[in-house]
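Quick note on labels: first sequence line is chain A, next is B, and so on, each numbered from 1.
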Amino acid sequence: MRWSQAFIPTLRDDPADAEAASHRLLVRGGFIRQLMAGSYSLLPLGKRVAAKVERIIRDEMDAIGGQEFLLPVVHPAEVWKKTGRWDDVEGILVKFRDRRGADLLLAITHEEIFALLASEMSSYRDLPQIWYHIQTKFRDEPRPKAGLLRVREFTMKDSYSFDIDAAGLDEAFDRHYAAYTRIFERLDVEAIPVEASSGVMGGSDSAEFMVASESGEDDVAVCPNGDYAANVERATSRLDTVEDEPWDGPVERFATPGIRTIAALADAFDFAAGPQQVKSLVYMVDGEPVLVLLRGDHELMEQKLVDGMGTAHVRPAHPEEIRPLLGADPGSLGAVGVKDIRIVADPALAGRRNMVTGANEDDWHVRGVDLARDIAVDDWLDVRLVQAGEACPGCGAPLEIRRMIEVGHIFKLGTKYSDAVGARVLDEEGEERTIMMGSYGIGVGRNIAAVVENHHDDKGIAWPMSIAPYEAVVTIVKMDDAASVAAGETLYEALRADGVDVILDDRDERPGVKFTDAELIGIPYRITVGPRGLAAGEVELVERATGDVEQVAVADAARVVVERVRTAR
RNA sequence: CGGGACGUGGCGCAGUUUGGUAGCGCGCAUCGUUCGGGACGAUGAGGUCGCCGGUUCAAAUCCGGCCGUCCCGACCA
């Protein structure tokens with residue numbers, strides 16, 4: 001490619017509405033342009049990077065026996081009604097009608113369609129299978145943000161495994177785990193696998209691949225010794241046991257005028273420090289009230305409640321719902337003596353005595369509460385948000401909480417979708433068995449963004465060789481110097497002949513402009529050809545990532561660059 | 001959905017408080033001088049001031065409604 005003929009609209013200034021480094025640089029470098037919130041056009045440079053990312057993904061999927069499909073992006077409602085997701089998935093699912101009035105939707109993911117196709121298999125001999133596709137999905141996210149990091153329309157590789165039994169599913173899961181590890185290595189992003197919630201999709205053995213970045217949207221609890229890493233949506237920690245002062249008498253009421261918060265109560269009474277209180281929250285779960293109890297100084301992780309209750313229909317109750325239920329406003333609630341409401345308690349409360357909690361009467365609390373004696377807990381469920389500094393469940397070292405970008409997610413689906421669409425096969429005994437499915441996703445655009453988050457400096461992007469839009473740029477410093485032009489052209493042709501992705505900067509621009517652009521768009525190697533070097537029979541080779549500069553004889557330049565590019569691929 | 005901010009040539013912004021018919025930098029075009037780290041001079045092109053309505057002799061500016069975008073939170077397959 002000749003730069004003079006390329007569409008690479010670089011910008012001198014940062015776009016005003018971009019915060020994240022990847023967003024800023026991808027726009028400035030002419031890789032992407034926004035069409036609307038959460039929707040971006042890939043320009044030629046962006047498309048080149050995306051194509052390389054896809055090629056790596058395709059490579060690794062094929063290596064574990066994956067077979068590629070191309071699926072429709074508009075689906076009929078009936079298939080989604082079968083799995084219940086037509087009604088269950090709210091908000092992000094775009095629904096519309098065709099001219100006949102048939103209900104349609106824009107695919108947010110493709111479980112239904114793959115499961116439907118899988119129902120054509122009828123024998124255990126057809127299994128196992130790994131199917132994938134790399135396609136556009138549309139999710140009407142409530143808040144797209146940060147450029148390619150969180151969008152509504154995006155390209156994603158989705159794969160699904162089909163097995164006769166759990167052992168087969170385990171095997172498919174492990175293969176994907178290995179494939180993903182290799183993909184992230186090749187993309188040169190530091191992605192770590194972490195335990196995760198599988199969310200509304202349902203499933204078990206969920207692993208997210210996460211890349212540390214301040215622009216991320218997930219918090220991950222990480223053990224500094226590498227013994228543990230989990231999304232805070234499901235992370236746990238080891239807590240010190242609390243030795244409670246004995247309290248022999250019954251529960252005792254005491255007046256707490258105007259006190260509505262844990263902190264205020266702790267300030268007012270020295271026996272009511274945060275860890276000595278029971279925090280009582282009322283949630284509506286599938287329309288039914290549930291009293292959720294935590295230690296006073298602990299916070300609820302709502303996703304854990306969602307996972308534990310097995311339904312996505314979980315929300316905090318409104319004060320108007322709480323008052324008739326418990327007789328008090330939030331701030332004075334408690335579970336002592338409560339019988340008709342389901343009570344879910346965090347295990348950090350187990351065995352605790354001499355606790356303080358609301359009396360279900362405004363301006364009153366109770367002390368001397370013994371969990372086992374005074375509160376009829378229905379379910380013990382870990383619903384606590386892990387805090388930084390708490391002990392790693394593996395080695396006891398203090399956990400760190402880090403912001404991360406989710407770049408991939410793999411989990412075991414089981415039979416939810418195959419059941420719904422009737423994907424069954426006969427096993428060796430002639431018994432009908434429902435196919436076990438696994439689901440494995442990786443976002444193309446989000447990985448591009450993650451790479452940029454990992455590989456940039458104040459000058460711009462520094463792409464890893466594997467996905468750089470061009471592997472080398474030959475920069476002719478002086479376009480009206482015939483010798484420079486001739487040497488540049490020769491080098492350019494030589495590199496092309498050897499299969500290097502090279503662009504020739506033949507623009508009639510000042511050198512500074514050319515250098516700055518090359519650095520902004522992040523081409524790994526720049527070969528500068530100009531009269532100064534040519535006088536000594538040399539060209540200049542600059543490595544973008546390190547800034548290292550070396551002089552190379554004109555005659556050796558092509559060979560050296562080809563070598564460097566090949567080893568770095 | 002809650003909170004905040006913004007919308008003026010391609011990009012970044014001023015002008016809005018105090019109404020008088022739009023300006024700056026960059027970019028772009030032409031010419032000249034320059035030329036190994038974002039040159040300089042001259043000339044020039046380019047704007048329904050997000051949209052609709054209202055007030056007024058007159059609206060980028062005041063009022064009402066709507067739309068869009070960004071940030072924080074909620075949410076997130």
Side-chain angles (χ1 to χ4, degrees), chain A residues 9-20 23-24 27-28 30 33-39 80 83-85 88-93 107-112 137-147 149-152 154 156 158 160 196-203 206 208 215-218 231 233 302-303 306-307 312-316 406 408-411 413 416-417 439-441 443 446 459-460 475-481 484 505 507-520 526-536 538-540 542 547 549 551:
Chain A
T10 57
L11 302 176
R12 191 180 282 248
D13 300 310
D14 279 334
D17 54 10
E19 296 270 311
H23 185 194
R24 219 165 20 86
V27 171
R28 261 191 72 195
R33 284 294 183 267
Q34 184 176 46
L35 179 62
M36 58 178 173
S39 183
W80 285 62
T83 57
R85 293 210 294 177
D88 286 353
V89 179
E90 281 160 2
I92 65 167
L93 186 59
I108 53 171
T109 178
H110 285 75
E111 277 87 355
E112 277 80 0
K137 323 251 167 179
F138 192 93
R139 299 177 185 176
D140 192 4
E141 298 287 351
R143 188 152 103 80
K145 55 179 276 202
L149 278 177
R150 182 168 202 78
V151 289
R152 297 193 295 171
F154 59 101
M156 173 171 171
D158 238 348
Y160 301 93
S197 155
S198 42
V200 190
M201 309 280 306
S206 176
E208 289 171 336
S215 304
E217 300 187 288
D218 288 276
N231 193 310
E233 287 179 354
E302 218 170 89
Q303 186 65 43
V306 168
D307 292 346
H313 299 283
V314 168
R315 64 163 172 85
E406 179 191 339
H409 191 178
I410 63 177
F411 58 99
L413 272 179
K416 173 175 175 180
Y417 296 93
S439 170
Y440 319 89
R446 188 177 279 190
K459 291 177 181 156
T475 304
I476 300 173
V477 165
K478 200 170 159 63
M479 282 306 289
D480 53 9
D481 178 58
S484 297
D505 194 348
R507 292 176 296 169
D508 188 15
E509 282 289 351
R510 303 175 68 81
V513 172
K514 298 189 177 194
F515 296 157
T516 317
D517 272 347
E519 283 155 359
L520 174 62
R526 185 183 84 214
I527 305 100
T528 313
V529 183
R532 207 165 70 189
L534 289 179
E538 290 174 336
V539 293
E540 184 182 82
V542 185
V549 182
Q551 305 300 325

Practice prompt. Can you tell me, in whole Å, how much space there is between the P of B:G12 and that of B:U8?
Written response: 8 Å
Discussion item. Tell me whether the NZ or CZ atom of A:Arg446 lies within the 45° cone about the ring axis of A:Phe154 and under 6.0 Å from its centre.
Written reply: no
Practice prompt. List the atom of A:Arg507, the atom of A:Asp517, and the distance in Å for their closest heavy-atom pair.
Written response: NH1-OD2, 3.0 Å
Discussion item. Rounded to whole Å, how long is the line connecting atom CD of A:Glu233 with atom C1' of B:C75?
Written reply: 11 Å
Worksheet item: Taking atom P in both B:C62 and B:C6, what distance in whole Å separates the two?
Response: 12 Å
Item to complete: Establish, with yes or no, whether the OP1 or OP2 oxygen of B:C70 is under 4.0 angstrom from a side-chain nitrogen or oxygen of A:Gln34.
Response: yes
Practice prompt. May I ask which nucleotide in the shown strands pairs with B:U34, Watson-Crick or G-U wobble, both distances under 3.5 Å?
Written response: none
Fill in: Integer-rounded Å distance: B:C35 C1' and A:Met479 CE
13 Å
Item to complete: With P as the reference atom in both, quote the distance from B:A5 to B:C75 in angstrom, rounded to an integer.
Response: 24 Å
Discussion item. Please compare A:Ala20 and A:Gly91 by the position of their nearest nucleotide in RNA chain B and report the one closer to 5'.
Written reply: A:Ala20
Item to complete: Identify, with sequence neighbours excluded, every residue that meets side chain to side chain donor-acceptor pair (under 3.5 Å) alongside A:Glu509.
Response: none
Response to the item:
Here the distance between atom P of B:C72 and atom CD of A:Glu19, to the nearest Å, is 7 Å
Worksheet item: Across all strands, who's sitting opposite B:A74 as a Watson-Crick or G-U wobble pair, both distances under 3.5 Å?
Response: none
Worksheet item: For A:Leu520 and A:Leu11, which heavy atoms make the closest approach, and how far apart are they?
Response: CD2-O, 4.2 Å
Discussion item. Nearest whole Å is fine: how far is B:C28 C1' from A:Arg507 CZ?
Written reply: 15 Å
Discussion item. What's A:Met36 touching, base or sugar-phosphate or nothing? Going by heavy atoms closer than 4.0 Å.
Written reply: sugar-phosphate
Item to complete: Name the nucleic acid region contacted by A:Glu519, choosing base, sugar-phosphate or nothing; use a 4.0 angstrom heavy-atom cut-off, strictly under.
Response: base
Fill in: Base-pairing assignment for B:G68 (Watson-Crick or G-U wobble, both under 3.5 Å)
B:C6
Worksheet entry | Rounded distance in Å between the C1' positions of B:C13 and B:G9 | 13 Å
Discussion item. Which nucleotide, if any, forms a Watson-Crick or G-U wobble pair with B:G20, using both distances under 3.5 Å?
Written reply: B:C57
Worksheet item: Does A:Glu509 make a side-chain donor-acceptor contact with the base of B:G38, cut-off 3.5 Å?
Response: no
Response to the item:
Testing B:G37, B:A74, B:G38 for proximity to the side chain of A:Phe515, the answer is B:G37
Fill in: Whole-Å C1' distance, B:C72 and B:U34
49 Å
Discussion item. Could you check whether any side-chain heavy atom of A:Lys514 comes within less than 4.5 Å of a side-chain heavy atom of A:Met479, counting everything from C-beta outward?
Written reply: yes
Item to complete: Would you classify A:Gly441 as touching base, sugar-phosphate or nothing, given that sugar-phosphate means primed atoms plus P, OP1 and OP2, and contacts are heavy atoms under 4.0 Å?
Response: nothing
Discussion item. Please give me the minimum heavy-atom distance between A:Arg33 and A:Pro9, naming the atom from each residue.
Written reply: NH2-O, 2.8 Å
Worksheet item: Taking the side chain of A:Asp480 as heavy atoms from C-beta outward, which of B:C70, B:G36, B:C35 is closest to it?
Response: B:C35
Fill in: Shortest non-hydrogen contact from A:Pro144 toward A:Gly38
CB-CA, 3.5 Å
Worksheet item: To the side chain of A:Arg510, which of B:G38, B:A39, B:G36 is closest?
Response: B:A39
Discussion item. Tell me the interatomic distance from A:Asp218, atom CG, to B:G73, atom P, rounded to whole angstroms.
Written reply: 13 Å
Worksheet item: How would nucleotides 11-16 of chain B be written as a contact map, 5' to 3', with B for base contact, S for sugar-phosphate-only contact and - for no contact, using protein heavy atoms under 4.0 Å?
Response: BSS---
Worksheet entry | Separation of the P atoms in B:G20 and B:G10, to the nearest angstrom | 25 Å
Worksheet, complete the sentence: Taken to the nearest whole Å, CZ/A:Arg33 to P/B:U69 is 17 Å
Worksheet item: What nucleic acid atoms does A:Arg28 come within less than 4.0 Å of, heavy atoms only: base, sugar-phosphate, or nothing?
Response: base
Discussion item. Any base atoms under 4.0 Å from A:Arg152, or only sugar-phosphate, or nothing? Heavy atoms, all strands.
Written reply: nothing
Worksheet item: Which residues satisfy the salt bridge (charged side-chain N to carboxylate O under 4.0 Å, His left out) test with A:Asp481, sequence neighbours excluded?
Response: none
Discussion item. Would you measure the distance from the C1' atom in B:C49 across to the matching atom in B:A29 and give it in whole Å?
Written reply: 25 Å
Item to complete: Identify the heavy atoms of A:Thr109 and A:Trp80 that sit nearest to each other, and give their distance.
Response: O-CZ2, 3.5 Å
Worksheet item: Which part of the nucleic acid, if any, lies within contact of A:Ala518, taking any heavy atom under 4.0 Å across all strands shown: a base, the sugar-phosphate backbone alone, or nothing?
Response: nothing
Discussion item. By the 4.0 Å heavy-atom rule, please label A:Arg139 as base, sugar-phosphate, or nothing.
Written reply: sugar-phosphate
Worksheet item: In Watson-Crick or G-U wobble terms, both distances under 3.5 Å, what is the partner of B:A29?
Response: B:U43
Item to complete: Just jot down the side chain to side chain donor-acceptor pair (under 3.5 Å) partners of A:Glu112, sequence neighbours excluded, or say none.
Response: A:Thr83, A:Arg85
Worksheet item: Nearest-Å distance, NZ (A:Lys478) to C1' (B:U34)?
Response: 9 Å
Worksheet item: Taking all atoms of both residues into account, what is the closest heavy-atom pair of A:His23 and A:Glu19, and its distance?
Response: ND1-N, 4.1 Å
Worksheet item: Rounding to a whole Å, what distance do you find between A:Glu302:CD and B:A74:C1'?
Response: 9 Å
Worksheet item: Do A:Lys478 side-chain atoms and A:Pro531 backbone N/O form a donor-acceptor pair below 3.5 Å?
Response: no
Worksheet item: Can you tell me how far C1' in B:G36 sits from the matching atom in B:G27, rounded to whole Å?
Response: 23 Å
Identify each atom pair where a protein N or O and an N or O of nucleotides 44-51 of chain B are less than 3.5 Å apart, giving names and distance.
none

Item to complete: Looking at every strand, decide which applies to A:Thr528 at a 4.0 Å heavy-atom threshold: base, sugar-phosphate, or nothing.
Response: base
Practice prompt. Would you kindly compare A:Met156 and A:Gly530 by the position of their nearest RNA chain B nucleotide and give the one closer to the 5′ end?
Written response: A:Gly530
Worksheet entry | Partner set under side chain to side chain donor-acceptor pair (under 3.5 Å) for A:Lys137, not counting sequence neighbours | A:His110, A:His133, A:Asp158
Item to complete: Using a heavy-atom cut-off of under 4.0 Å over every strand shown, decide if A:Lys145 touches base, sugar-phosphate, or nothing.
Response: sugar-phosphate
